[in-house]
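Worksheet: one structure, shown below.
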Amino acid sequence: MILLRLISWPYARKHLLRVVLTMAGIVLGVAVFVGMHTANQSVLAAFHQTIDRIAGSTQVQVSSGEAGFEEDVLERVRALPEVRAAAPVIEAAANTGQGNLLILGVDMLGDRSLRNYDMEDSDEAIDEPLVFLAQADSLIITKTFADERHITTGAKISMRTMQGDQVFTVRGIMKPGGLATAFGGSLAIMDIYAAQKVFGRGFKFDRVDIALEDGVSLDAAIAKIQALLGPGFQVEPPSSRGQQFEATSSIYALASNLTSVFALFIGMFIIYNTFAIAVTERRSEIGILRALGATRGQIRTLFLTESAISGLAGTALGVLFGIALAKGMAGYISGLLSDVYGVAQGASEVTPEPWLLAAASAMGLATSLIAAVLPARSAAGVDPVKALQKGRLQSLSAGENRTRRLWALACAMASAVAFLFSNIGWIFYGGYLLAVLTAVLLAPAMSLWFAKALRPVLAGLRPVEGTLAADSLIQSPRRTSGTITALMLSLALVISLGGLARASYDSLTEWMQIALSPDLFVTTAESITARSFVFPESVGEGIRKVEGVQQVQFVRTVRVPVKGVPIMIVAIDIASLANHVKLPLVEGDAATMYDEAEAGRGVIASENFARLHGVRFGEVLELAGPAETLHLPIIGIVRDFSDQQGSILMDRELYIRAWRDNAVNVFRVYLKPGADEARVRQTILDTYGSQQRLFVLTNKDVRAFIIRITDQWFGLTYVQIAVAVLVAILGIVNALTVSITDRRRELGVLQAVGGLRNQIRHTIWMEAVAIGVIGLGLGLALGAVQLYYSVEVARRDLIGIEIGYAFPFQMVLILTPIILSAALVAALGPAESAVRGSLVEALEYE
Amino acid sequence: MITLRGVSKTFEGKRKVTALDHIDLTIERGEMASIVGPSGSGKSTLLNLIGGLDRASAGEVELDGQTLSSLNDDELTKVRRDKIGFIFQFFNLLPTLSCLQNVSLPLHLRGWPRKKVEARAQELLDLVKLGARVEHLPDELSGGERQRVAIARALSIYPPILLADEPTGNLDTNTGAEILKLIHDLHSRLGATVLIVTHDKAVAESCPRTIHIRDGKVFEDVRR
């Protein structure tokens, strides 16, 4: 401890900038880790809180995916002696004249036994449920929503419903608290029978909420209700909801984990570099300590403790930045999810959980300690006699480590072997790790090789400065290899993420070209993914008769549980689909696939459903609808981007039979050759738009919407890319700062023997740019390899789609000037400090 | 000719320290002189001012009629590179460069072609009897050998002025004597002005002139 105070603290104080730069890698890694997880967890926690608040005292919920079920289910459930209360619910997001609302359609007669409606003012509509029921335009809103928009009881709110534009009257305002705080207050209550009409539900409910009699076991009740209703229904506690939400946000969690691990890994090299240089710089100090009786163990401990303190300080700062990041990210994630769920789920509290703080501290500390192990060992090995001889070993030792190259070779071979068996998950990931390790081990040797290759180029540009810059890199490879490795890793990450994004866009564009062939899409919302409102079939029949329309495909998309996971069912007339769209086939025979699916003898699975959920071609799936449980084989696997978790295509007739649901989400409209698209669109709008909620999107609109959604999803990727570029720049600044300090005397000698200031400046600049060039070269090479692995990770565990390998040349064009300019800018400060310092001091030994 | 007129050097800090106090001194071209004095007397500071490594707080330092205080940093560097060769007590060789590369450095900085640089460096290393060790790194040499490399580097452009700060201070007696002999030899062969800062009485007395510095002032100037 005393050594820490007497030796380490003054050194750290003297090199404050270096200490800060060294910690930056840890700060960034921890910040990303804490930030992204906290944001994710906060949004998720808020979502669960919302579910709890909406559930009230509900113990069990009955649903049939998103498809809904007939009203008689309610009576059947109510008849059970275990059930104390059962209330039907319709839950849907809607945009109103006053903003987006989650509308809860409830039966006021029975619902108050489940949910507490604590109203601002006593109102007869609420006090007397029959009155509320009798007035179909009634709406209860929350105090938060009302206050934000200065709405009072009696105010009118307009909404486009499935029965045309309607005006609703606010008949009650709920006090803040409980139910009224769900979705940040963006919630409204409507009578269930009115909701059926508003959302086009026909005579169906979305779910039934149940409270059990006292003393009834939850498990027993669930089993009994399940037995009563059959496998087509999900009977579960309210807490089971939100699976889809969790699955969506878990993709974020995985992606953010990868970024933070990478940032920390890169930070490790920055720390290693700094400590390695510090050990060289402090050799005489170590020699004195050793001469005064400090043991090797004490020296090692001293350096490791310094590293631990730096790691913990970096972690603490990282946590603070992470919380700030989380606040921004929570808004971003909830905004993104609102596109999927209709209503924004704000996170009221953004605080990291204790386990997250513990994990972040452990990561920060471990990274810092691992990075310092080798320098600490080298410090402990310092020979006091040699260290005290002035003028000896003042720079990092030159020369390459043969053992390291042999290890690299071993890792490369092991990685190649792993490649052969990469169909086994853990071997694949092991091979990936070994490939990165090979690059890390080879980086110093490759840097040296690159520096030698660059020597004539640099010398050609500026004979004196170029030669000196190249020689500096060649003669002290260890001084810069840490930075080059960090730069290489950062750029590899950027390339792989960029390549992944590029390839995803390419695949998506290709898919859109094939799958989105209709000329017009008639939907219930501006967004093609919104599923709150549904059409009756009659609308489609009408559209068929519009002049210029050749064909109309009725599409129903609902999420239903398949193998315990909510999966999107796309029910469409397969024969008609096959006429217009040949989805990219991954497995199976196209002709047989469409024929069998049309005949209802099988279903078509999307590639991502198959991969993410371990489903194989030919496997028989159990698809349980309220009316019938289907057991159908997968007769084909196709590339389909309809849903992140995957989708199942089945014939519409089959779906209607099993789910007793003939509602439609989207009509895909094909026009006759030569038909005027704008005219047909207007006719549809004129004929049906006034009667009900209806939007007609052109093919271009839908594509633009999908690209916009995809852009939002890739927003995180761009954050990751920004982090990686930042770490790369940080690495260069760090390396040059420590390198200049390390070479203060060397640069002093250069000036003493006649080096002009500009020559010194140019030498440092060229060296920095050369570091950038070498880092770029190695980063691009590793990036090309890493992109392969990233594409594989995406295919196996992230999106389940084989998106193809496309090296992002465009990104390289953008990245090259950024990195080289960053290197040059990073060199400006150190170069100035090198030429402006006192020559006499630089040449002094004490 | 080196001329110092009323040269003072003070260091500002918590306490103001006057290292040199109104020094007037003239050293003729081709002269060889030693500068002696106790530690902290200002000998090295005097050498640094003459060599243009540092600037005087007051007074003028003139080399061949050129006033150093009027020069900017680049002009001062050019003076160093064209007129002065430095020999340091701790050699100040670049540890990652070979002997040949260390000696070549000042020539590269002048932008000489590579072949010419290498030929001159080889010639100088031969001169200091290290012609067979051109590829060795400083760490692979003894103290005396390292100082010889430093001397070869200082001589790379055959400077008219050679400044040596304790050139034998870090060497044993025999090696020190050898280096001193080499400096004398080079002085007589090349005819350069040589100034040697030293603590060593033998080194000081080997020079025809010895300037004694005490408390920042010329205390005694002895010619033999």
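Chain naming here is simple, since letters A, B, ... match the order of the sequence lines and numbering starts at 1 in each. Source: prediction; values computed, not measured.
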Completion exercise
dist B/Leu68:CG -> B/Leu4:CG (nearest 0.5 Å) comes out at 8.5 Å

Handout entry: Contacts with chain A made by residues 120-132 of chain B (heavy-atom distance under 4.5 Å), listed by residue number
Key = none

Problem - Heavy-atom pair count under 4.5 Å with chain B, highest-scoring of A/Leu750, A/Leu756, A/Thr467 - result: A/Leu756

Handout entry: Crowding at CG, B/Asp215 (>12 non-hydrogen neighbours, <6.0 Å)
Key = no

Exercise for the section: Check whether any side-chain N or O of B/Lys9 sits under 3.5 Å from a backbone N or O of B/Ala19 as a donor-acceptor pair, and report yes or no. Expected result: no

Problem - Straight-line distance of A/Ile484 CD1 to A/Phe269 CZ, nearest 0.5 Å - result: 12.5 Å

Exercise for the section: Identify whether NZ of Lys or CZ of Arg in A/Lys452 sits under 6.0 Å from the centre of the six-membered ring of A/Trp449 and within 45° of that ring's axis. Expected result: no

Exercise for the section: Could you check B/Gln101 against B/Ser98 for side chain to side chain donor-acceptor pair (under 3.5 Å), going step by step and ending with a plain yes or no? Expected result: CA-CA 5 Å; B/Gln101 287 167 325; B/Ser98 68; 3.2 Å; yes

Practice task
List the steps, then state whether side chain to side chain donor-acceptor pair (under 3.5 Å) holds for B/Arg80 with B/Thr77.
Solution key: CA-CA 5 Å; B/Arg80 276 201 304 271; B/Thr77 306; 3.3 Å; yes

Practice task
Output the residues of residues 47-57 of chain B for which the shortest heavy-atom distance to chain A is under 4.5 Å, in residue-number order; output 'none' if no such residue exists.
Solution key: B/Asn48, B/Leu53, B/Asp54

Fill in the blank from the handout: Rounding to 0.5 Å, atoms CD1 (B/Ile161) and CG (B/Asp82) come to a distance of 11.0 Å

Practice task
Taking B/Arg146 for its side chain and B/Leu141 for its backbone only, find out whether a donor-acceptor pair lies under 3.5 Å.
Solution key: yes

Completion exercise
If one checks every heavy atom of A/Gln759 against chain B at 4.5 Å, the contacting part turns out to be side chain

Practice task
Take atom NE2 of B/His187 as the centre, draw a 6.0 Å sphere, and report whether it contains more than 12 heavy atoms from other residues, nucleotides or ligands.
Solution key: yes

